[in-house]
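Values in this document were obtained by computation on a predicted structure and should not be read as measured data. Both ligands and their constituent atoms are indexed starting at 1 by order of listing.
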Amino acid sequence: MPTPNDLRDPPLATRDPEIARLIREEEVRETVKLRLIPSENYASRAVLEATGSVLTNKYSEGYAGKRYYEGQQLIDQIEELACSRLKALFGAEHVNVQPYSGSPANLAVYLAFCKPHDPVMGLGLPAGGHLTHGWNVSITGKYFNSVAYGVSPSDHRIDFAEVRRLALEHKPKILWCGTTAYPRLLDFAKFREIADEVGAKLCADISHISGLVVGGAHPSPIGIADVVTSTTHKTLRGPRGGMIFCKSEYAKDIDRAVFPGLQGGPHNHTTAGIAVAAKEASTPEFKQYALNIVANAKVLAEGLLGHGFSLVTGGTDNHLILIDLTSKGISGKLAAKALDRAGIVCNYNSVPFDPRKPFDPSGIRIGTPSITSRGMGPTEMKKLAGWMDQVVSKADDAALIDRVAAEVSEMCSGFPPPGIPV
Ligand SMILES: *Cc1c(COP(=O)(O)O)cnc(C)c1O
């Protein structure tokens with residue numbers, strides 16, 4: 001018998017069976033497929049619970065102790081917990097956890113340090129940078145005089161001679177370092193030298209790699225960069241959100257830029273989820289997970305090289321591999337679509353100096369965070385490299401693709417992902 005409360009306030013499956021069914025099907029998709037998009041992951045059950053809570057009901061413009069609405073007895077404690085855990089985890093002097101996601105976090109940094117049309121510099125999108133580092137279709141490329149640096153034509157690594165030359169010429173207010181499709185470590189100290197030479201604020205955007213940074217699998221920019229931004233939902237495995245770390249001297253500027261400069265009320269349910277993720281990320285298990293992400297990426301890269309794939313920069317130091325499919329005679333888009341049908345989900349991606357157009361480029365981008373969160377290791381990476389070779393070599397062979405999809409699903413059944421009820 002339903003209780004009276006169930007009748008007035010029924011669960012999702014009763015209230016909206018259509019959405020409930022689609023969520024359930026997404027749970028199945030995330031369980032039976034190998035998710036290789038390097039910016040995606042699995043949030044834990046605890047993170048999902050905090051994020052799906054009544055905290056979504058509360059308005060709390062301002063910061064702990066200085067709010068514009070009453071009733072903050074618990075919200076203040078939640079935001080302070082999130083901030084103190086993150087500061088301890090990253091070794092930072094200050095953090096703001098209110099940005100709605102990575103893009104608004106970056107926009108707040110421009111607002112804190114720049115006037116419209118000021119010069120700024122970032123890695124170009126085709127070289128592996130992010131839209132918000134000044135690319136022309138983004139607000140950050142329209143409202144600021146943005147100059148893109150790139151990677152070297154010879155080894156496809158960041159071209160520091162070019163970064164320095166452009167910085168001396170354009171004197172940017174902000175120098176961004178951070179990537180979305182770059183398989184190598186970032187040398188934050190080298191960027192610092194150039195920023196100091198031209199009086200730029202150095203902003204490191206570690207959205208993709210923040211989980212690697214706290215796990216000790218990638219060097220940290222904290223203490224080197226003036227400001228460090230990140231999403232919270234990629235390798236860090238929190239809910240979708242953004243955060244900004246900075247030195248104490250910039251704390252006021254950053255906080256004012258986020259609120260009231262750019263946003264209204266913070267997403268308190270997200271803040272709680274971030275606090276939980278920060279707690280999870282401070283465990284030895286998380287450190288091991290971060291190291292395993294990189295170890296898995298290296299084994300996968302070796303396997304792919306063994307199957308004749310061509311990798312941008314020849315391999316990887318991090319969680320991500322960029323494959324140039326030119327030598328395999330297939331475009332990135334066709335390969336990504338065939339791989340998805342085979343249960344291997346990735347995205348098509350430009351490679352440096354790509355002769356093809358961005359909507360049908362030469363490469364695909366893959367990464368190991370999600371499959372590492374499921375506990376997969378070297379054995380699975382070797383199988384994956386073999387399947388990828390079979391699928392891209394015979395992308396229109398429907399029987400082969402069905403067979404690979406069945407094998408992928410069978411392997412996945414041995415590695416139930418976090419956060420999804422079995
Ligand atoms: C993902 C990403 C962002 C943007 O994050 P959203 O949450 O998608 O807005 C910004 N910078 C970098 C380097 C990223 O990888």
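- Annotation for ligand 1: atoms under 4.0 Å from non-hydrogen atoms of Ser101 are 6 (P), 7 (O), 9 (O).
- For the side chain to side chain contact (heavy atoms under 4.5 Å, CB included) test with His208, the passing option among Thr180, Leu236, Asn318 is Thr180; the others fail.
- Thr179 counts as a contact of ligand 1, since one of its heavy atoms falls under 4.0 Å from the ligand.
- With a heavy-atom cut-off of 4.0 Å, His233 touches ligand 1 through its side chain alone.
- For ligand 1, the polar-atom distance check against Thr231 finds no nitrogen or oxygen pair separated by under 3.5 Å.
- With a heavy-atom cut-off of 4.0 Å, Thr229 does not touch ligand 1 at all.
- Of the candidates Pro38, Ser207, Ser210, Ser207 is the only one forming a side chain to side chain contact (heavy atoms under 4.5 Å, CB included) with Lys234.
- Aromatic ring pairs are classed by plane angle as parallel below 30°, tilted from 30° to 60° and perpendicular above 60°; the pair Phe259 and Tyr63 is perpendicular.
- Taking distance alone, with nitrogen or oxygen atoms compared against 3.5 Å, Thr180 stays at or beyond that limit from ligand 1.
- Looking at Pro104 next to ligand 1, no N or O pair under 3.5 Å apart turns up.
- Contacts of Ser103 with ligand 1, taken as heavy-atom pairs under 4.0 Å, involve both backbone and side chain.
- Considering backbone and side-chain atoms alike, Lys234 places an N or O below 3.5 Å from some N or O of ligand 1.
- Of all protein heavy atoms, the one lying nearest to atom 3 (C) of ligand 1 is His130 NE2, 3.3 Å.
- No side-chain donor from either of Asp317 and His218 sits under 3.5 Å from a side-chain acceptor of the other.
- Heavy-atom contacts of Asp205 reach the following atoms of ligand 1: 10 (C), 11 (N), 12 (C), 13 (C) (cutoff under 4.0 Å).
- Because its NZ or CZ atom is both nearer than 6.0 Å to the ring centre of Phe309 and within 45° of the ring axis, Lys328 counts as a cation-pi partner of that residue.
- Judged purely by distance below 3.5 Å, without hydrogens or angles, the side chains of Asp324 and Ser362 never pair a donor atom with an acceptor atom.
- Side-chain atoms of Ser101 and Ser103 include no donor-acceptor pair closer than 3.5 Å.
- Residue contact check: Gly102 has heavy atoms under 4.0 Å from atoms 4 (C), 5 (O), 6 (P), 7 (O), 9 (O) of ligand 1.
- Geometrically, Lys173 does not engage Phe113 in a cation-pi contact defined by less than 6.0 Å to the ring centre and at most 45° from the axis.
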